[in-house]
Amino acid sequence: MAKERIDKLLSHEGFGSRKDIRRLLRKSEVLVNGKRIFAPAENIDILTDEITIDGESVAIHKNLYIMMNKPQHFVCSTKDGEHQTVFDLLDSNLRTPYLIEKLHIVGRLDMDTEGLLLFTTDGELTHRLISPKSHVNKTYLCKLEHEETPEHQKEIIEKFEKGIEIPPEDNNPEFTTQPAKIKWQDCSNAILTIHEGKYHQVKRMFKAVGNKVVFLKRISMGSLELDKNLATGKYRFLSEEEIQALQAD
């Protein structure tokens with residue numbers, strides 16, 4: 001049984017604050033399986049119960065799955081005293097007290113990194129996607145500070161495929177990366193696929209081979225690819241096909 005209080009549930013679905021829901025229960029005909037409900041603490045089974053408000057059916061989101069094309073200069077946090085956060089880019093009905101507790105980011109991006117960002121309330125999916133044991137691909141478009149010769153490109157491919165030693169940085173210890181794949185687009189642009197997400201990992205990998213990342217964009221995570229029609233700073237809900245593919249990753 002997946003039980004939730006009806007005031008929390010309707011707040012989650014964008015019907016307002018808890019106070020707004022209490023007013024709604026008094027003034028509108030809120031029915032659960034055909035029975036009128038007045039108590040805000042009434043427990044609802046989100047998997048089986050049917051809710052109507054003044055005769056209109058309420059579609060219950062069992063879990064939310066949102067893709068955002070993250071812009072630079074936004075922090076992957078619910079709050080930040082100095083910078084705007086990616087949650088500020090969501091509509092107000094997705095920033096209710098209920099959702100702020102449950103909606104989270106799967107695999108954060110640095111403030112100056114843009115691209116694919118996944119929000120969800122599905123904790124089980126999040127655990128599978130970010131667990132090191134899952135080996136879920138994360139692919140990035142990388143623009144480098146200076147051009148690489150064909151010889152050094154080949155050397156970098158070999159080093160990344162074997163796993164490379166990364167020095168410590170900002171109180172984060174040294175580590176050896178898991179095997180990664182790099183595909184060069186030209187002398188200074190590459191597509192890099194890794195299976196983990198250590199602190200500043202992509203930047204530190206290129207620093208370890210003598211270069212610097214000046215632009216970084218995540219373009220896919222597992223089976224989920226960034227929608228090319230999604231403008232920077234915009235978001236959309238995932239399709240059922242995308243959700244099912246992610247769950248199968």
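The chain is numbered in sequence order, starting from 1.
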Colleague: Please walk me through it: do Leu25 and Ile6 pass side-chain contact (heavy atoms from CB on, under 4.5 Å)?
Modeller: CA-CA 10 Å; Leu25 291 169; Ile6 194 167; 4.3 Å; yes
Colleague: In sequence, state the C-alpha distance, the side-chain angles, and the governing distance for Tyr235 and Asp91, and then conclude on side-chain contact (heavy atoms from CB on, under 4.5 Å).
Modeller: CA-CA 10 Å; Tyr235 65 90; Asp91 289 341; 3.1 Å; yes
Colleague: With a cutoff of under 4.5 Å between side-chain heavy atoms, which Ile, Leu, Val, Met, Phe, Trp and Tyr residues group with Met111?
Modeller: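 Members besides Met111, by chain and number: Val75.
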Colleague: Quick one: does Arg204's side chain have a donor or acceptor within less than 3.5 Å of a partner on Pro167's backbone?
Modeller: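 Side chain of Arg204 to backbone of Pro167, a donor-acceptor pair under 3.5 Å: yes, one is there.
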Colleague: Rounded to the nearest 0.5 Å, how far does CZ of Arg22 lie from OG of Ser17?
Modeller: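 The CZ atom of Arg22 is 7.5 Å from OG of Ser17, to the nearest 0.5 Å.
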Colleague: Just wondering, do Pro168 and Glu174 contact through their side chains at under 4.5 Å, heavy atoms?
Modeller: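 The answer is yes; the side chains approach within 4.5 Å.
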Colleague: Tell me, do Val213 and Lys143 make a side-chain contact under 4.5 Å, heavy atoms counted?
Modeller: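 Sidechains of Lys143 and Val213: no contact.
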Colleague: Going by the rule side chain to side chain donor-acceptor pair (under 3.5 Å), which residues pair with Thr121 if we only count those two or more places apart in sequence or in a different chain?
Modeller: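 If we apply the side chain to side chain donor-acceptor pair (under 3.5 Å) test to Thr121, skipping adjacent residues, the hits are Asn63.
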Colleague: Side chains of Trp184 and Ile156, heavy atoms from C-beta outward: is any pair under 4.5 Å?
Modeller: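 Contact flag for Trp184/Ile156 side chains = yes.
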Colleague: Are any of the side-chain heavy atoms of Glu56 and Asp54 separated by less than 4.5 Å?
Modeller: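 Contact flag for Glu56/Asp54 side chains = no.
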Colleague: Under a 3.5 Å distance rule, please check whether Glu242 uses its side chain to pair with a backbone N or O of Ser239 as donor and acceptor.
Modeller: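 Present.
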Colleague: Residues two or more places apart in sequence or in another chain: which of them pass salt bridge (Lys or Arg N to Asp or Glu O under 4.0 Å) with Glu124?
Modeller: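 By the salt bridge (Lys or Arg N to Asp or Glu O under 4.0 Å) rule, Glu124 matches Arg128.
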Colleague: How long is the gap from NZ on Lys162 to OG1 on Thr176, to the nearest 0.5 Å?
Modeller: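 Here the interatomic distance stands at 13.5 Å.
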Colleague: Is there side-chain contact between Leu94 and Leu64, with at least one heavy-atom pair below 4.5 Å?
Modeller: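 Leu94 reaches Leu64 side chain to side chain.
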Colleague: Search all heavy atoms of Ile166 against all heavy atoms of Ala208 and return the closest pair with its distance.
Modeller: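 That would be CD1-CB, 4.1 Å.
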Colleague: Indicate whether the side chain of Ser57 and that of Thr52 have a donor and an acceptor atom separated by less than 3.5 Å.
Modeller: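 Ser57 vs Thr52: no donor-acceptor pair found between side chains.
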Colleague: Not counting sequence neighbours, which residues clear side-chain contact (heavy atoms from CB on, under 4.5 Å) with Lys181? List them please.
Modeller: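 Testing Lys181 for side-chain contact (heavy atoms from CB on, under 4.5 Å), a comparison that skips the adjacent residues, returns none.
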Colleague: What's the verdict on side-chain contact (heavy atoms from CB on, under 4.5 Å) for Lys154 and Glu151, showing C-alpha distance, side-chain angles and the deciding distance?
Modeller: CA-CA 5 Å; Lys154 184 179 179 182; Glu151 293 77 14; 6.0 Å; no
Colleague: For Ile105 and Ser77, work out which heavy atoms get closest and say how close.
Modeller: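 Ile105 and Ser77 have their closest heavy atoms at CD1-N, 4.3 Å.
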Colleague: Name every donor-acceptor pair, under 3.5 Å, that has one atom in a side chain of residues 31-39 and the other anywhere in the protein, sequence neighbours excluded.
Modeller:
{"unit_1": "Asn33", "atom_1": "OD1", "unit_2": "Glu50", "atom_2": "N", "d": "2.9"}
{"unit_1": "Asn33", "atom_1": "ND2", "unit_2": "Asp49", "atom_2": "OD1", "d": "2.9"}
{"unit_1": "Arg36", "atom_1": "NH2", "unit_2": "Ser28", "atom_2": "O", "d": "2.8"}

Colleague: Got a sec: does the NE2 of His152 have more than 12 other heavy atoms crowding it under 6.0 Å?
Modeller: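 Above 12, so yes.
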Colleague: Test of understanding: with ring pair (Phe, Tyr, Trp, His ring centres under 6.0 Å), list the residues that count as partners of Tyr140, not counting sequence neighbours.
Modeller: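 With sequence neighbours excluded, Tyr140 shows a ring pair (Phe, Tyr, Trp, His ring centres under 6.0 Å) to no residue whatsoever.
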Colleague: For Leu246, which fellow cluster members are found when Ile, Leu, Val, Met, Phe, Trp and Tyr are connected by side-chain heavy-atom distances below 4.5 angstrom, either directly or through intermediates?
Modeller: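 Same cluster as Leu246: Tyr65, Met67, Val106, Leu116, Leu118, Leu125, Leu129, Ile130, Val136, Met221, Leu224, Leu226, Leu230, Leu238, Ile243.
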Colleague: Within the 3.5 Å criterion, strictly below it, is a donor on Tyr199 or Asp170 matched to an acceptor on the partner's side chain?
Modeller: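 Per modelled atom types, Tyr199 and Asp170 side chains form a pair under 3.5 Å.
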Colleague: Please round to the nearest 0.5 Å and tell me the distance separating atom OG of Ser11 and atom CG of Asp20.
Modeller: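 Rounded to the nearest 0.5 Å, the OG-CG separation comes to 8.0 Å.
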Colleague: Please identify each residue that fulfils side-chain contact (heavy atoms from CB on, under 4.5 Å) with His73, with sequence neighbours left out.
Modeller: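 None.
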Colleague: Which residues satisfy the side-chain contact (heavy atoms from CB on, under 4.5 Å) test with Ser131, sequence neighbours excluded?
Modeller: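 By the side-chain contact (heavy atoms from CB on, under 4.5 Å) rule, Ser131 matches Lys133, Ser134.
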Colleague: Counting C-beta onward and ignoring hydrogens, is there a side-chain heavy-atom pair between Phe74 and Thr85 closer than 4.5 Å?
Modeller: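 Answer no - side chains too far apart.
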Colleague: In Å, rounded to the nearest 0.5 Å, how long is the span from CZ of Arg18 to CG of Leu24?
Modeller: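 Here the interatomic distance stands at 14.0 Å.
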Colleague: When rounded to the nearest 0.5 angstrom, what distance separates CD in Glu196 from CD in Gln178?
Modeller: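 These two atoms lie 4.0 Å from each other.
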Colleague: Indicate whether the side chain of Thr126 and that of His104 have a donor and an acceptor atom separated by less than 3.5 Å.
Modeller: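 Indeed, the side chains of Thr126 and His104 share at least one donor-acceptor pair under 3.5 Å.
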Colleague: Applying side chain to side chain contact (heavy atoms under 4.5 Å, CB included) between Asn211 and each of Glu147, Met205, Glu145, report the one that passes.
Modeller: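 For Asn211, the side chain to side chain contact (heavy atoms under 4.5 Å, CB included) test succeeds with only one of Glu147, Met205, Glu145, which is Glu145.
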Colleague: Measuring from atom CG of Asn137 to atom CD1 of Ile194, what distance do you get when rounded to the nearest 0.5 angstrom?
Modeller: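 Here the rounded value is 9.5 Å.
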Colleague: Please give me the minimum heavy-atom distance between Leu117 and Gly107, naming the atom from each residue.
Modeller: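 Smallest heavy-atom distance, with atoms named: CD1-O, 3.8 Å.
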Colleague: Looking only at heavy atoms, what is the nearest atom pair of Ala231 and Asn69, with distance?
Modeller: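 Nearest heavy atoms, Ala231 then Asn69: O-CB, 3.5 Å.
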Colleague: Using a strict 4.0 Å threshold on nitrogen-to-oxygen distance, state whether Glu4 and Lys102 make a salt bridge.
Modeller: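 Salt bridge present between Glu4 and Lys102.
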Colleague: Between Phe119 and Phe87, is the gap from one ring center to the other below 6.0 Å?
Modeller: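 Ring-ring flag for Phe119/Phe87: true, centres closer than 6.0 Å.
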Colleague: Holding to salt bridge (Lys or Arg N to Asp or Glu O under 4.0 Å), I want the full list of residues that pass it with Lys203, two or more places apart in sequence or in another chain.
Modeller: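 Asp110, Asp112.
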Colleague: How would you list all residue pairs meeting salt bridge (Lys or Arg N to Asp or Glu O under 4.0 Å) that involve residues 207-234, not counting sequence neighbours?
Modeller: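 Qualifying pairs, neighbours excluded: Asp227-Arg236.
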Colleague: How does the hydrophobic cluster around Leu141 look, that is, which other residues are in it when side-chain heavy atoms under 4.5 Å mark a link?
Modeller: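 Members other than Leu141 - counting any ILVMFWY side chain reachable under 4.5 Å - are Ile191, Phe215, Ile219.
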Colleague: As a quick check of understanding, evaluate side-chain contact (heavy atoms from CB on, under 4.5 Å) for Arg5 and Ile44, giving each step before the final call.
Modeller: CA-CA 6 Å; Arg5 286 172 52 120; Ile44 305 299; over 6 Å; no
Colleague: Please answer: with hydrophobic residues joined when any side-chain heavy atoms are less than 4.5 Å apart, are Ile182 and Val214 in the same cluster?
Modeller: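 They do not share one cluster, since no chain of ILVMFWY contacts under 4.5 Å joins Ile182 to Val214.
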Colleague: Hey, are the side chains of Leu144 and Asn189 touching, using non-hydrogen atoms and a 4.5 Å cut-off?
Modeller: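 The answer is no; the side chains never approach within 4.5 Å.
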Colleague: Are Thr193 and Lys138 close enough that some pair of their side-chain heavy atoms sits under 4.5 Å apart?
Modeller: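 SC-SC contact between Thr193 and Lys138 ruled out.
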